[in-house]
Amino acid sequence: MTNEKSNVKESIFRESKVKAPLMLDARYLRENLEAVEARLKSRGEGVDLSGFRQLDERRRELLQQSESLKALRNKVTEEISRLKDKSQAEGQKAQMREVSQQIKGLDESLRQVEEELQNFLLTVPNIPNPTTPVGRSEADNVVARTWGEPGNYSFAPKPHWEIGEELGILDFERGAKLTGARFTLYKGQGARLERALINFMLDLHTQEHNYIEMLPPFMVNRESMTGTGQLPKFEDDLFHLEGVDYFLIPTAEVPITNIHRSEILKGSDLPISYVAYTPCFRKEAGSYGKDTRGLIRQHQFNKVELVKFTSPETSYQELEKLLGNAEEVLRRLNIPYRVVELCTGDIGFSSAKTFDIEVWLPGQNCYREISSCSNFEDFQARRAGIRFRPDEKAKPEYVHTLNGSGLAVGRTVVAVLENYQQADGTVLVPEALRPYMGGVEKIG
RNA sequence: GGAGAGAUGGCCGAGUAGGUCGAAGGCGCUCGCCUGCUAAGCGAGUAUACUGGGAAACCGGUAUCGAGGGUUCGAAUCCCUCUCUCUCCGCCA
């Protein structure tokens with residue numbers, strides 16, 4: 001196995017069709033620098049775009065110099081080719097030798113400037129949508145709606161780790177023995193429950209919500225990770241393989257969105273809706289001591305993910321639908337939840353707008369995130385070069401990409417265990433799930 | 001892992017003794033004509049990105065024949081490296 005460490009960096013830019021993708025539209029940026037800066041500021045982190053203008057001007061300057069020399073060379077070269085007697089051209093050849101040297105120098109400078117520009121733009125987050133509430137942190141998120149009533153328990157509801165261990169369906173100690181902290185072994189009906197939920201969700205989304213099922217690779221290359229925005233900024237959160245420059249996916253969003261990287265889609269094919277089950281691998285760096293018990297925060301967990309490619313005009317309608325599709329899972333399972341609209345300070349790097357679905361966990365007496373549904377607008381599409389032609393004749397435009405968990409499976413197990421626990425320590429199986437559990441009505 | 005073949009436009013497919021090739025031809029597609037309807041037929045058009053000019057329509061420049069580099073006044077065509085695909089052998093779920 002050969003490891004081309006030296007190629008790792010430049011490989012980001014190795015795209016066949018779209019060369020040097022710019023995250024935020026360079027021309028748009030050029031003309032709206034201040035406005036963009038102001039809007040990015042609402043995310044909380046100070047983004048300084050002042051370096052951009054200089055680099056951008058330098059780039060165009062070099063480009064023009066280089067291109068006019070190339071035009072000259074092309075002209076002279078053509079003249080030479082027309083000559084019958086090539087020996088007449090010695091003078092021109094010598095002159096063009098000189099020109100070619102100059103071009104080489106200019107192109108090298110250009111390459112450097114473009115790389116700088118690129119590296120900078122890759123670290124600039126998406127511009128929040130105007131409808132995203134402005135706020136600093138989680139505390140400023142807005143509850144959009146609540147569904148279901150948290151149940152009344154005649155006993156003190158237990159957290160899922162106690163329920164799972166007592167029923168012998170979750171084994172945290174052996175998970176840690178096999179691998180380490182934040183890994184869990186599911187046993188018997190626990191494993192069955194996880195699998196039932198996966199199938200239930202996939203069936204719901206494919207059969208009733210018209211998503212196309214995909215089963216992608218669970219590890220991807222650097223281009224894919226850059227396309228959706230995990231790289232270059234968040235490499236520390238990813239598991240990287242030794243020997244090959246591949247990463248374990250932190251979410252199916254990465255392989256599924258990248259399916260159409262560097263493609264021009266037909267406008268009539270939009271919206272495209274995919275659903276995929278995959279395991280997800282996350283280092284959870286920086287979350288030491290947080291959610292150390294139970295299934296909430298694992299290095300490996302299962303998720304059913306919804307992904308859409310849409311036209312810019314319809315992306316927010318599609319986001320509503322996607323969110324509704326994810327909510328439907330909890331409604332069918334009859335588990336209370338609420339929908340939260342994230343504020344500018346809390347949305348992810350690539351997102352323009354995000355709704356979280358938070359499920360009610362009686363064992364912990366709180367709502368916990370179980371799904372995150374986002375519209376990335378054209379941010380990922382730009383990075384990944386995903387475009388569409390509105391009409392046969394029309395120029396390609398960037399699509400909007402969206403995705404959302406539909407749902408995080410491990411956390412759904414948590415929700416089922418805690419919401420369906422009985423006084424005697426057993427857990428009822430939600431009715432919608434029974435066909436997927438071989439008719440089993442109760443665990444324990 | 002060993003041996004060989006290949007990578008050209010939406011698709012198929014020419015082009016490799018370097019020159020006017022962004023690239024023949026066909027299919028598809030778009031517009032127009034024709035036609036009682038359909039089919040066939042005729043004509044025109046049909047890549048992308050960056051960049052200069054323009055309010056715009058549009059006009060000009062540069063680049064792109066898997067990717068990167070080299071030789072040359074000039075490369076789809078020659079040389080080197082890499083990636084991917086296919087065939088055969090080995091190995092393997």
Side-chain angles (χ1 to χ4, degrees), chain A residues 1-31 52 55-115 117-118 121 215 217-218 220-224 226 243-246 258 260-269 378 381-399:
Chain A
M1 200 67 68
T2 48
N3 183 19
E4 300 302 328
K5 276 271 197 284
S6 56
N7 286 338
V8 160
K9 208 177 163 194
E10 65 191 23
S11 69
I12 294 177
F13 310 108
R14 223 188 271 156
E15 281 298 315
S16 56
K17 298 285 178 189
V18 178
K19 223 179 169 186
L22 301 172
M23 302 337 105
L24 298 173
D25 183 3
R27 259 174 296 187
Y28 178 78
L29 247 190
R30 207 176 284 155
E31 282 147 31
F52 168 81
L55 280 171
D56 180 56
E57 272 167 24
R58 177 87 181 120
R59 168 173 173 269
R60 283 184 293 159
E61 199 177 296
L62 286 166
L63 193 66
Q64 281 166 44
Q65 288 174 17
S66 167
E67 288 191 348
S68 62
L69 285 180
K70 282 176 185 168
L72 171 67
R73 185 177 65 185
N74 286 345
K75 213 180 99 206
V76 174
T77 285
E78 201 196 314
E79 283 165 21
I80 295 174
S81 79
R82 263 203 280 270
L83 280 175
K84 287 250 157 88
D85 181 3
K86 302 286 198 260
S87 63
Q88 306 268 293
E90 282 314 318
Q92 287 165 312
K93 282 194 192 179
Q95 201 190 334
M96 288 308 104
R97 246 193 299 276
E98 181 62 30
V99 168
S100 282
Q101 280 311 306
Q102 289 177 34
I103 291 172
K104 200 176 269 186
L106 286 168
D107 281 351
E108 175 54 25
S109 310
L110 190 61
R111 218 213 75 241
Q112 282 173 20
V113 170
E114 286 189 335
E115 189 178 319
L117 201 55
Q118 195 62 203
L121 287 173
L215 185 61
F218 298 160
V220 299
N221 59 30
R222 198 165 276 274
E223 287 79 2
S224 295
T226 306
V244 242
D245 195 23
Y246 294 162
N258 277 282
H260 296 300
R261 188 174 73 233
S262 301
E263 291 183 13
I264 300 176
L265 305 168
K266 274 202 269 182
S268 56
D269 288 343
D378 64 4
R382 235 173 246 295
R383 293 185 153 229
I386 309 170
R387 293 173 294 170
F388 77 107
R389 232 182 269 281
D391 301 295
E392 296 282 355
K393 287 276 190 181
K395 285 262 168 229
E397 288 178 35
Y398 287 107
V399 300

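Residues of residues 103-113 of chain A that place a heavy atom closer than 4.0 Å to RNA chain B, in numerical order, are A/K104.
One interatomic measurement links the two molecules: CZ of A/F388 to C1' of B/U48, which rounds to 16 Å at whole-angstrom precision. Here the C1' atom of nucleotide B/U71 and the CD atom of A/Q101 are 12 Å apart, to the nearest Å. Across the protein-nucleic acid pair, A/N221 atom CG and B/C84 atom P stand 10 Å apart, rounded to whole Å. Taking atom CZ of residue A/R382 and atom P of nucleotide B/A49, one finds them 12 Å apart after rounding to whole Å. Atom pair A/R222:CZ and B/U83:P shows a separation of 16 Å (rounding to whole Å applied). If you take CZ of A/R58 and P of B/U51, they are 16 Å apart, rounded to a whole angstrom.
The same atom, P, is picked in B/G68 and in B/G13; the two are 25 Å apart, to the nearest Å. B/G6 and B/C78: their P atoms are spaced 11 Å apart (whole Å). Across the P atoms, B/U48 and B/A23 are found 15 Å apart, a figure rounded to whole Å. For B/A24 and B/U16, the C1' atoms lie 15 Å apart once the distance is rounded to whole Å. Nucleotides B/U30 and B/A47 place their C1' atoms 15 Å apart, quoted to the nearest Å.
Using a 4.0 Å cut-off, some side-chain N or O of A/R59 falls inside it from OP1 or OP2 of B/U51. Taking side-chain N and O atoms only, A/R389 has a distance below 4.0 Å to OP1 or OP2 of B/U48. In this structure, A/R60 does not reach the B/U51 phosphate: none of its side-chain N or O atoms is under 4.0 Å from OP1 or OP2. Checking the phosphate oxygens (OP1, OP2) of B/G52, a side-chain nitrogen or oxygen of A/Q64 falls inside 4.0 Å.
Applying the side-chain contact (heavy atoms from CB on, under 4.5 Å) test to A/P390 and every residue at least two apart in sequence or in another chain returns A/F388, A/A394, A/E397. Annotation: salt bridge (Lys or Arg N to Asp or Glu O under 4.0 Å) contacts of A/E108 (sequence neighbours excluded): A/R111. In this view, A/R389 satisfies the salt bridge (Lys or Arg N to Asp or Glu O under 4.0 Å) rule with no residue, not counting sequence neighbours. Residues passing the salt bridge (Lys or Arg N to Asp or Glu O under 4.0 Å) test with A/E57: none are found, sequence neighbours excluded. Taking A/Q64 as the reference, nothing meets the side chain to side chain donor-acceptor pair (under 3.5 Å) condition, with sequence neighbours excluded. Take A/L63 and apply the side-chain contact (heavy atoms from CB on, under 4.5 Å) test, not counting sequence neighbours, and it matches A/R59, A/E67, A/L110. By the side chain to side chain donor-acceptor pair (under 3.5 Å) test, A/N74 pairs with no residue at all, sequence neighbours left out.
When heavy atoms are screened at a 4.0 angstrom cut-off, A/S100 is found touching the sugar-phosphate backbone but no base atom.
Comparing A/V76 and A/A394 by the nucleotide of RNA chain B whose heavy atom lies nearest to each, the residue mapping closer to the 5' end is A/A394.
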- RNA chain B base-pair string [pairs: Watson-Crick or G-U under 3.5 Å; |: paired with another strand]: ((((((((.[[[..)...(.....]]]((((((.......))))))(((((((....))))))).[[[[[..)....]]]]])))))))....
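Here A/T77 contributes atom OG1 and A/K70 contributes atom NZ; the two are 13.0 Å apart, rounded to the nearest 0.5 Å.
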Using a cut-off of under 3.5 Å, enumerate the N/O to N/O pairs linking the protein to nucleotides 60-62 of chain B.
{"from": "B/G61", "atom 1": "N2", "to": "A/E67", "atom 2": "OE1", "distance (Å)": "2.9"}
{"from": "B/G61", "atom 1": "N2", "to": "A/E67", "atom 2": "OE2", "distance (Å)": "3.4"}
{"from": "B/U62", "atom 1": "OP1", "to": "A/N74", "atom 2": "ND2", "distance (Å)": "3.2"}

Using the 3.5 Å cut-off, write out each protein N or O paired with an N or O of nucleotides 17-23 of chain B and the distance between them.
{"from": "B/G19", "atom 1": "N2", "to": "A/T77", "atom 2": "O", "distance (Å)": "3.4"}

Give the table of side-chain donor-acceptor pairs shorter than 3.5 Å for residues 89-100 of chain A, with sequence neighbours excluded, one pair per line with atom names and distance.
{"from": "A/Q92", "atom 1": "NE2", "to": "A/E79", "atom 2": "OE1", "distance (Å)": "3.3"}
{"from": "A/S100", "atom 1": "OG", "to": "A/R73", "atom 2": "NH1", "distance (Å)": "3.1"}
{"from": "A/S100", "atom 1": "OG", "to": "A/M96", "atom 2": "O", "distance (Å)": "3.3"}

